[in-house]
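In what follows, a single structure is set out as structure tokens and then discussed.
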Amino acid sequence: MTAIIEVEGLTKSYGSKRGITNVSFRVEEGEVFGFLGPNGAGKTTTIRLLMALLRADAGTARIAGLDCWQHSVEIKRLVGYLPGEPALDPGLTGGQILEYFGHLRGGVDQTYLKQLIKRLDLDPTRKFRQYSSGNKRKVVLIQAFMHRPRLLILDEPTNGLDPLNQQEFDRMVKEVRDEGRTVFLSSHILSEVEQTCTRAGIIREGQLVRVGGIAELKDIKRYEITITFANAVPAEAFKTLDGVAQVETLADGHTLRLTMQGEADAVIKAAAQHAVVTLTSHEPSLEDIFLRYYEGDGEALKEASHVVH
């Protein structure tokens, strides 16, 4: 396959504030690549370097064989870009903003544009300042997709979208992939990347610690189940069950918090042997995952770095 994004040793320092250090990866033409990391890890800095909104201190970044800084104008013709924090004229309507970007592109397929507006359920007649955060996100999503770019670079694209629009976004990404075009998207939500991406890189504290197929990331996939029983149940009853990584008894003595990696079938069946008051499940934030499984764990980070390629 041919790489459409090539990043080698990319470094950007903000002085005392964290930037990125020696980041290297490739994104192949036609794939959906997830750039995953906690907030503040360096995702947006990397994307701004790709878009020539920042200049690197060291290293190189190329898109379609072109240097991102030296050939930024040519690159912008190939790319649909969604910034993490868009700054658009609040006095213009959504439709006027899309029309403006369409003219910058030399015109876009109006039928396709109308389809996108309808699919994301955007009212284009309202002023940008009147939009909710979710509707503002729709405007910038549509402008990124509407000219059918060869490469989409999307910074936290689903921020503010409701679940129905997130599902529609997933469908849009899959259509782009099926057409042989490429998507590079950043996220701090592991499940979001699992839904849409074929490969992912994980960035932590400005350094890329891992790149691999989505299936290869399953060893950091964790979720928690909290079960409150009518009577105290010993943690030992769950510690050896399939899918259970850790069990903790909470202060009330009636509640167990299970850290899970894998199917919950065995846990549900074991819990059913007792009187259950409540049972909840949630996915920790990526920040929580890193704090728990990487923080201070030199071996985990060392092992992770071995699979960067």
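None of these values were measured; they are calculated from a predicted model. All residue numbers refer to positions in the sequence shown, counting from 1.
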So how far is it from [X] [atom1] to [Y] [atom2], rounded to the nearest 0.5 Å?
X    : Y    : atom1 : atom2 : value
Y100 : L92  : OH    : CG    : 9.5 Å
E6   : L50  : CD    : CG    : 11.5 Å
T158 : I189 : OG1   : CD1   : 5.0 Å
I268 : Q273 : CD1   : CD    : 12.0 Å
R77  : L104 : CZ    : CG    : 11.5 Å
L141 : L116 : CG    : CG    : 9.5 Å

Does [X] reach the side chain of [Y], with side-chain heavy atoms less than 4.5 Å apart?
X    : Y    : result
F35  : L154 : no
L49  : I20  : yes
I142 : L113 : yes
I97  : F128 : yes
L258 : V267 : yes
N165 : D162 : yes
L122 : V139 : yes
L256 : T226 : no

Under a 4.0 Å threshold between the charged nitrogen and the carboxylate oxygen, would [Y] count as salt-bridged to [X]?
X    : Y    : result
R199 : E31  : yes
K43  : E156 : yes
K269 : D265 : yes
E175 : R119 : yes
E8   : R62  : no
K76  : E74  : no

Any side-chain to backbone donor/acceptor pair from [X] onto [Y]? Under 3.5 Å, distance only.
X    : Y    : result
T11  : N22  : yes
S72  : C68  : no
Q130 : K127 : yes
T198 : V32  : yes
Q143 : G102 : no
K138 : L120 : yes
R204 : A41  : no
S132 : N135 : yes
E224 : T259 : no

*Given side-chain contact (heavy atoms from CB on, under 4.5 Å), test T228 with L250 step by step and report yes or no.*
CA-CA 9 Å; T228 300; L250 301 190; over 6 Å; no
*Measure the acute angle between the ring planes of F238 and H274, then classify it against the limits of 30° and 60° as parallel, tilted or perpendicular.*
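Aromatic pair F238/H274 classed tilted.
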Between [X] and [Y], does any side-chain donor sit less than 3.5 Å from a side-chain acceptor?
X    : Y    : result
E192 : S187 : yes
Y14  : T45  : yes
S13  : D57  : no

Testing the basics here: between [X] and [Y], what is the closest heavy-atom pair and its distance to 0.1 Å?
X    : Y    : answer
I225 : A264 : CD1-CB, 3.8 Å
V79  : P149 : C-CB, 3.8 Å
L152 : A144 : CD2-O, 3.3 Å
A232 : G253 : CB-O, 3.5 Å
A266 : L241 : O-CD1, 3.9 Å
M146 : Y112 : O-CD2, 3.5 Å

Is the number of heavy atoms from other residues, nucleotides or ligands within 6.0 Å of [atom1] ([X]) greater than 12?
X    : atom1 : value
D242 : CG    : no
R177 : CZ    : yes
E179 : CD    : yes

*What's the verdict on side-chain contact (heavy atoms from CB on, under 4.5 Å) for V276 and I227, showing C-alpha distance, side-chain angles and the deciding distance?*
CA-CA 7 Å; V276 175; I227 313 171; 4.0 Å; yes
*Working for side-chain hydrogen bond (donor to acceptor under 3.5 Å, both in side chains), residues D170 and T196*: CA-CA 6 Å; D170 290 349; T196 54; 5.1 Å; no
Are [X] and [Y] connected, step by step, through hydrophobic side chains (Ile, Leu, Val, Met, Phe, Trp, Tyr) whose heavy atoms are closer than 4.5 Å?
X   : Y   : result
V27 : L66 : yes
L88 : L98 : yes
W69 : L53 : no

*Given the rule in the salt bridge (charged side-chain N to carboxylate O under 4.0 Å, His left out) test, do R150 and E29 qualify, once you have shown the distances and angles that lead to the verdict?*
CA-CA 9 Å; R150 180 176 168 188; E29 187 113 39; 2.9 Å; yes
*Determine, step by step, whether F169 and L164 satisfy the side-chain contact (heavy atoms from CB on, under 4.5 Å) criterion, reporting the C-alpha distance in whole Å, the side-chain angles of both residues, the deciding distance to 0.1 Å, and the verdict.*
CA-CA 9 Å; F169 168 76; L164 285 177; over 6 Å; no
*Start with the C-alpha distance between E28 and R26, add both sets of side-chain angles, then the distance that settles salt bridge (charged side-chain N to carboxylate O under 4.0 Å, His left out), and finish with yes or no.*
CA-CA 6 Å; E28 306 298 332; R26 290 163 56 96; 3.6 Å; yes
*Is the ring centre of F184 less than 6.0 Å from the ring centre of F25?*
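Yes - the distance between ring centres of F184 and F25 falls below the 6.0 Å cut-off.
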*Does the ring center of F229 lie less than 6.0 Å from the ring center of H254?*
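So the answer is no for these two rings.
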*Do Q207 and I203 pass the side-chain contact (heavy atoms from CB on, under 4.5 Å) test, and can you show the C-alpha distance, the side-chain angles, and the key distance before you say yes or no?*
CA-CA 5 Å; Q207 294 185 300; I203 190 166; 5.8 Å; no
